[in-house]
S.K.: 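I am attaching a structure below and will ask some questions about it afterwards.
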Amino acid sequence: MNHLTKPAIAAVVQRDNGGIDDLFAGFAISLINRGWRVRGLVQEMHQGQHGCAFSLVDLDDGKLYPITHDLGQHSTSCRLDTAGIAEASAVLRRIAEEGADLAVFNRFSGLEAHGEGFSAEMLEIMSREIPCLCVVPEKHLAAWRQFTGGLAIELEGNRAALESWFFATPAQPSATAVQTTFVGRTKTFHTAGDHA
């Protein structure tokens with residue numbers, strides 16, 4: 001665990017849907033391949049029977065957690081599967097218990113802005129001074145700022161900004177950092193919308 005003077009928390013501000021999930025997942029996997037113990041969830045979009053479907057992917061082992069329901073072609077109801085979110089929360093609880101060089105959260109979005117979703121797990125990880133990186137849609141920035149108590153930095157959605165922030169945090173790669181089970185999955189990530 002890193003002992004920082006304050007939590008190293010950053011948000012990639014999502015101003016549109018243009019490739020943010022590819023950027024986020026690609027950055028996390030590049031750090032893993034360089035020996036850092038990066039853990040958490042990234043979002044993946046794939047084609048479902050009636051439009052796009054979303055899953056969360058565990059960076060530790062590539063396990064998928066579907067987070068949308070297929071409600072049929074003409075449904076106008078919310079497709080978010082809160083049971084999938086609840087199941088995936090175990091990934092974040094493990095990070096709080098076991099640590100990481102960097103914890104990544106797929107989104108701080110509607111559920112988290114209302115104190116639901118992954119909000120409790122996020123706060124627990126932050127309280128343990130584990131560096132954290134999250135995608136935050138622009139419309140939820142005010143809630144994010146309140147949630148983090150002004151301790152988070154906001155980053156533009158580009159690789160240079162992510163690299164600059166991460167390598168400015170006082171940390172060294174973990175001895176047990178190398179993970180190979182997820183390598184090569186970057187091509188499966190596609191642009192996704194505002195999930196939870």
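The shown structure was predicted, so the numbers you read here are calculated from the model rather than taken from an experiment.
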S.K.: Applying side-chain hydrogen bond (donor to acceptor under 3.5 Å, both in side chains), which residue pairs with at least one partner in residues 82-91 are found, sequence neighbours left out?
M.R.: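 Applying side-chain hydrogen bond (donor to acceptor under 3.5 Å, both in side chains) to every pair that reaches into residues 82-91, excluding sequence neighbours, yields Ser89-Arg93.
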S.K.: Taking atom CG of Asp22 and atom CD of Glu44, what is their separation to the nearest 0.5 Å?
M.R.: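 Result: 10.0 Å between the selected atoms.
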S.K.: What are the two closest heavy atoms between Ala103 and Ile125, and how far apart are they?
M.R.: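 Looking at all heavy atoms of both residues, the closest pair is CB-CG2, 3.9 Å.
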S.K.: Can you name the nearest heavy-atom pair linking Tyr65 to Gly84, along with the distance?
M.R.: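 The pair with the smallest heavy-atom distance is CB-O, 4.3 Å.
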S.K.: Would a 4.5 Å heavy-atom cut-off, applied to side chains only, mark Leu56 and Val91 as touching?
M.R.: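 Result no, sub-4.5 Å side-chain heavy-atom pair not found.
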S.K.: Indicate the atoms forming the closest heavy-atom contact of Leu123 with Phe147, along with that distance.
M.R.: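 Shortest heavy-atom contact: CG-CZ, 3.4 Å.
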S.K.: Could you state the interatomic distance from NE2 (His140) to CD (Gln146), rounded to the nearest 0.5 Å?
M.R.: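 Output value for this atom pair is 14.0 Å.
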S.K.: Short question: side chain of Ser164, backbone of Ala161 - any donor-acceptor pair under 3.5 Å?
M.R.: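 Answer holds: no.
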S.K.: Any donor-acceptor pair under 3.5 Å linking the side chain of Thr68 with the backbone of Ala53?
M.R.: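 Absent.
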S.K.: Just wondering, do Leu162 and Leu23 contact through their side chains at under 4.5 Å, heavy atoms?
M.R.: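 They are in contact (side-chain heavy atoms under 4.5 Å apart), so the answer is yes.
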S.K.: How long is the gap from CZ on Arg145 to CD on Glu154, to the nearest 0.5 Å?
M.R.: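 It is 4.0 Å, given to the nearest 0.5 Å.
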S.K.: Please name the pair of heavy atoms, one in Ala11 and one in Trp144, separated by the smallest distance, quoted to 0.1 Å.
M.R.: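 That closest heavy-atom pairing would be CB-NE1, 3.4 Å.
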S.K.: Nearest 0.5 Å, please: how far is CZ in Arg37 from CD1 in Ile32?
M.R.: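 So the CD1 of Ile32 and the CZ of Arg37 are separated by 11.0 Å.
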S.K.: Please name all residues satisfying side chain to side chain contact (heavy atoms under 4.5 Å, CB included) with Glu156, sequence neighbours left out, ordered by chain then number.
M.R.: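 Scan of Glu156 (side chain to side chain contact (heavy atoms under 4.5 Å, CB included), adjacent residues dropped) gives Arg15, Asn158.
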S.K.: Please examine the side chains of Glu112 and Cys134, heavy atoms only from C-beta on, and report whether any two atoms are closer than 4.5 Å.
M.R.: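 No, every pair of side-chain atoms sits at 4.5 Å or beyond.
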S.K.: Quick check: do Asp21 and Met45 have side-chain heavy atoms less than 4.5 Å from each other?
M.R.: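 Asp21 vs Met45: side chains apart.
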S.K.: Taking the side chain as C-beta and beyond, is there a heavy-atom pair between Leu80 and Leu111 under 4.5 Å?
M.R.: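 In short, these two side chains touch, coming nearer than 4.5 Å.
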S.K.: Does any N or O in the side chain of Arg39 come within less than 3.5 Å of the main-chain N or O of Gly99, such that one atom is a donor and the other an acceptor?
M.R.: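 Side chain of Arg39 to backbone of Gly99: a pair is present.
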S.K.: Please round to the nearest 0.5 Å and tell me the distance separating atom CD of Glu98 and atom CG of Asp60.
M.R.: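 Glu98 atom CD to Asp60 atom CG measures 7.5 Å (nearest 0.5 Å).
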S.K.: What are the two closest non-hydrogen atoms of Ile95 and Ala100, and how far apart are they?
M.R.: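 For Ile95 versus Ala100, the nearest heavy atoms are CG2-CB, 4.1 Å.
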S.K.: Are side-chain heavy atoms of Leu133 and Val104 found at a separation under 4.5 Å?
M.R.: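 Result yes, sub-4.5 Å side-chain heavy-atom pair found.
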S.K.: Using the test side chain to side chain contact (heavy atoms under 4.5 Å, CB included), find all partners of Ala143 that sit at least two apart in sequence or belong to another chain.
M.R.: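 Expected list: Phe108, Ala113.
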S.K.: Output the distance between atom CG (Leu41) and atom CG (Asn106), rounded to the nearest 0.5 Å.
M.R.: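 It is 6.0 Å, given to the nearest 0.5 Å.
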S.K.: Evaluate the salt bridge (charged side-chain N to carboxylate O under 4.0 Å, His left out) criterion for residues Arg94 and Asp58: first the C-alpha distance (whole Å), next the side-chain angles of each, then the deciding distance (0.1 Å), finally the verdict.
M.R.: CA-CA 11 Å; Arg94 282 196 302 272; Asp58 182 351; 3.1 Å; yes
S.K.: Which heavy atom in Leu102 sits nearest to a heavy atom in Phe27, and how many Å separate them?
M.R.: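 Reported closest heavy-atom pair: CD2-CE2, 4.4 Å.
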